[in-house]
There are 2 protein chains.
Amino acid sequence: MQLRGPVEWALHCCAVLAGLAPDRYLPTRDLADFHGVPKEYLSKALQALSQAGIVEGTLGPAGGYRLTRAPDRITFLDVVEAVEGRAPTFVCTNIRRNFPCLTATEKSQCTEARPCAVARVMWQADRAWRDSLRSVRLSDLLKTLSTDLSPGLQRRAAAWLDEHS
Amino acid sequence: MQLRGPVEWALHCCAVLAGLAPDRYLPTRDLADFHGVPKEYLSKALQALSQAGIVEGTLGPAGGYRLTRAPDRITFLDVVEAVEGRAPTFVCTNIRRNFPCLTATEKSQCTEARPCAVARVMWQADRAWRDSLRSVRLSDLLKTLSTDLSPGLQRRAAAWLDEHS
DNA sequence: TCATTACGGATATACGGTATCCTTAAGGAT
DNA sequence: ATCCTTAAGGATACCGTATATCCGTAATGA
Ligand code: SF4
Ligand code: SF4
């Protein structure tokens, strides 16, 4: 069970986009260069964000991506689910149905609508994970970053993004 | 990001073992037959549980596995971590170090000891997930099962396990 | 002694993640 | 009107890991 590269990239890209001037578009190439990740592959993650309605892209020169709404209306869960999907981490293969001592009627009751105790516990934990991610917004990340990063670095990063427009 | 078969099997096996008479050993073959899963593969999950000290195996005829301690001292997290490992779900590849505007000293400060804001949020969610799993014990599962399952099915399951000794 | 069992190494296979390439359509600049 | 740039998305090759099986070994009780 592991989250992979694209999720991390997407989160960092959103952080960069959130710090940009409003209405400013940033192309995939710049985001890829800035993070040092393959452009074509990062593009897939950005497309996922676009399909989820978190960012929107525009074509042509001076095109690229920007956020569709304010950073305080985008949660970590939004980004993670956009890239990683909304499938629950625990998948029930319905082992129950294999029990050798089931009657036909009991076997027919083993449906998705009646999940067993094990699945309920695992899904509750899944919900706790998602609730935690939902409780942090992109604006919170920006605030943390502004205290974590030195003013000099923040200025240099902004300058780098400016000259690559 | 997905939990796979062996975790589900391990949880169900623990539930069965918890319902057994104390000091009774149940071999891998019976556990595999009861759940309808491949015996050799299930064996790997049981070995993981054994290494984690949740179950213990004994050799020879009438051998098999049993729990090492009472069901109220085994949590879901114990079982999940034994099979799935203790690695955090979010792996930080240290993208920061690729930022084009870092000085040498800043780059050297990007260590595991100083995780960035993104990683901290993801790990907090990971902790929430584990806390949720830790809060449910095997004894809780048994209690739920005893009310969920019909008395007839419980009797039949116990009988099946008895005649396969 | 013998059958049975856990244990762990080795191995084969399948699947999904990783990464790249290419085509298409659309927007802006000239 | 034309050209360049860019998102969008399909196709594909590659690789690693998960899945699954097999076998040898040691230990245990009958
Ligand atoms: S987790 Fe529950 S629902 Fe899923 S297979 Fe196991 S018993 Fe059935
Ligand atoms: S998550 Fe944070 S620590 Fe991990 S790579 Fe991204 S910036 Fe660095």
Side-chain angles (χ1 to χ4, degrees), chain A residues 1-10 13 17 23-33 35-68 80 82-85 87 89-91 93 95 164-165, chain B residues 1-10 13 17 23-33 35-68 80 82-85 87 89-91 93 95 164-165:
Chain A
M1 171 179 177
Q2 202 151 293
L3 259 23
R4 285 138 299 121
V7 193
E8 184 178 358
W9 306 343
C13 286
L17 291 177
D23 298 345
R24 161 104 183 270
Y25 288 92
L26 199 64
T28 308
R29 174 176 34 77
D30 290 347
L31 284 169
D33 288 346
H35 294 113
V37 297
K39 172 197 155 200
E40 304 286 351
Y41 194 22
L42 172 65
S43 168
K44 299 299 179 188
L46 292 171
Q47 282 175 38
L49 291 178
S50 174
Q51 279 203 322
I54 297 172
V55 304
E56 60 184 353
T58 195
L59 294 158
Y65 288 102
R66 70 172 175 191
L67 298 182
T68 57
V80 170
V83 177
E84 201 70 14
T89 58
F90 180 80
V91 283
T93 59
I95 278 195
H164 292 74
S165 63
Chain B
M1 172 180 176
Q2 201 150 295
L3 259 22
R4 286 138 296 123
V7 193
E8 184 178 359
W9 306 344
C13 286
L17 291 177
D23 297 345
R24 162 104 184 270
Y25 287 93
L26 199 64
T28 308
R29 175 178 32 79
D30 290 348
L31 285 168
D33 288 347
H35 294 114
V37 298
K39 174 197 154 200
E40 304 285 354
Y41 194 23
L42 171 65
S43 169
K44 300 297 179 189
L46 293 172
Q47 283 176 38
L49 292 179
S50 175
Q51 280 204 321
I54 297 172
V55 304
E56 59 185 352
T58 196
L59 293 160
Y65 287 102
R66 71 172 175 190
L67 298 183
T68 56
V80 170
V83 177
E84 200 70 13
T89 57
F90 179 82
V91 283
T93 59
I95 278 194
H164 292 74
S165 61

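Chain identifiers are assigned alphabetically (A, B, ...) following the order of the sequence lines, protein sequences preceding nucleic acid strands; residue numbering begins at 1 within each chain. Computation of the quantities below employed the complete heavy-atom set of this structure, encompassing side-chain atoms and omitting hydrogens, waters and symmetry-equivalent molecules.
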Query raised in the report: According to a strict under-4.0 Å criterion, is T58(A) in side-chain N/O contact with OP1 or OP2 of dT6(D)?
Result: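 No, T58(A) has no side-chain N/O under 4.0 Å of OP1/OP2 on dT6(D).
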
Round to a whole Å and report the spacing from [atom1] of [X] to [atom2] of [N].
X      : N       : atom1 : atom2 : value
Q51(A) : dA7(D)  : CD    : P     : 15 Å
E8(A)  : dG17(C) : CD    : P     : 17 Å
L26(A) : dT6(D)  : CG    : P     : 11 Å
Y65(A) : dT6(D)  : OH    : C1'   : 9 Å
Y25(A) : dA26(C) : OH    : P     : 16 Å
H35(B) : dA20(D) : NE2   : C1'   : 19 Å
L49(B) : dG8(C)  : CG    : P     : 13 Å

Query raised in the report: Is a side-chain N or O of T68(A) found less than 3.5 angstrom from the main chain of I54(A), in a donor-acceptor match?
Result: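 Present.
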
Requested in this report: Check for a donor-acceptor pair, side chain of E56(B) on one end and backbone N or O of R66(B) on the other, with a separation under 3.5 Å.
Outcome: no

Would a 4.5 Å heavy-atom cut-off, applied to side chains only, mark [X] and [Y] as touching?
X      : Y      : value
L31(A) : D33(A) : no
L42(A) : E40(A) : no
S43(A) : Q47(A) : yes
C13(B) : V55(B) : no

Between [options], spot the one nearest the side chain of [X], thanks.
X      : options                  : answer
P61(B) : dT5(C), dA3(C), dT19(D)  : dA3(C)
L59(B) : dA19(C), dA7(D), dA26(D) : dA26(D)
R29(A) : dA20(D), dT6(D), dT5(C)  : dT6(D)
T28(B) : dA6(C), dG8(C), dT18(C)  : dA6(C)

Report task. Could you note down all residue pairs passing ring pair (Phe, Tyr, Trp, His ring centres under 6.0 Å) where residues 36-66 of chain B supplies at least one of them, sequence neighbours left out? Result ->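 Output for this query lists W9(B)-Y41(B).
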
**Report entry** DNA chain D contacts among residues 38-47 of chain B, heavy-atom distance under 4.0 Å
**Finding:**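 Contacts with DNA chain D under 4.0 Å: P38(B), E40(B), Y41(B), K44(B).
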
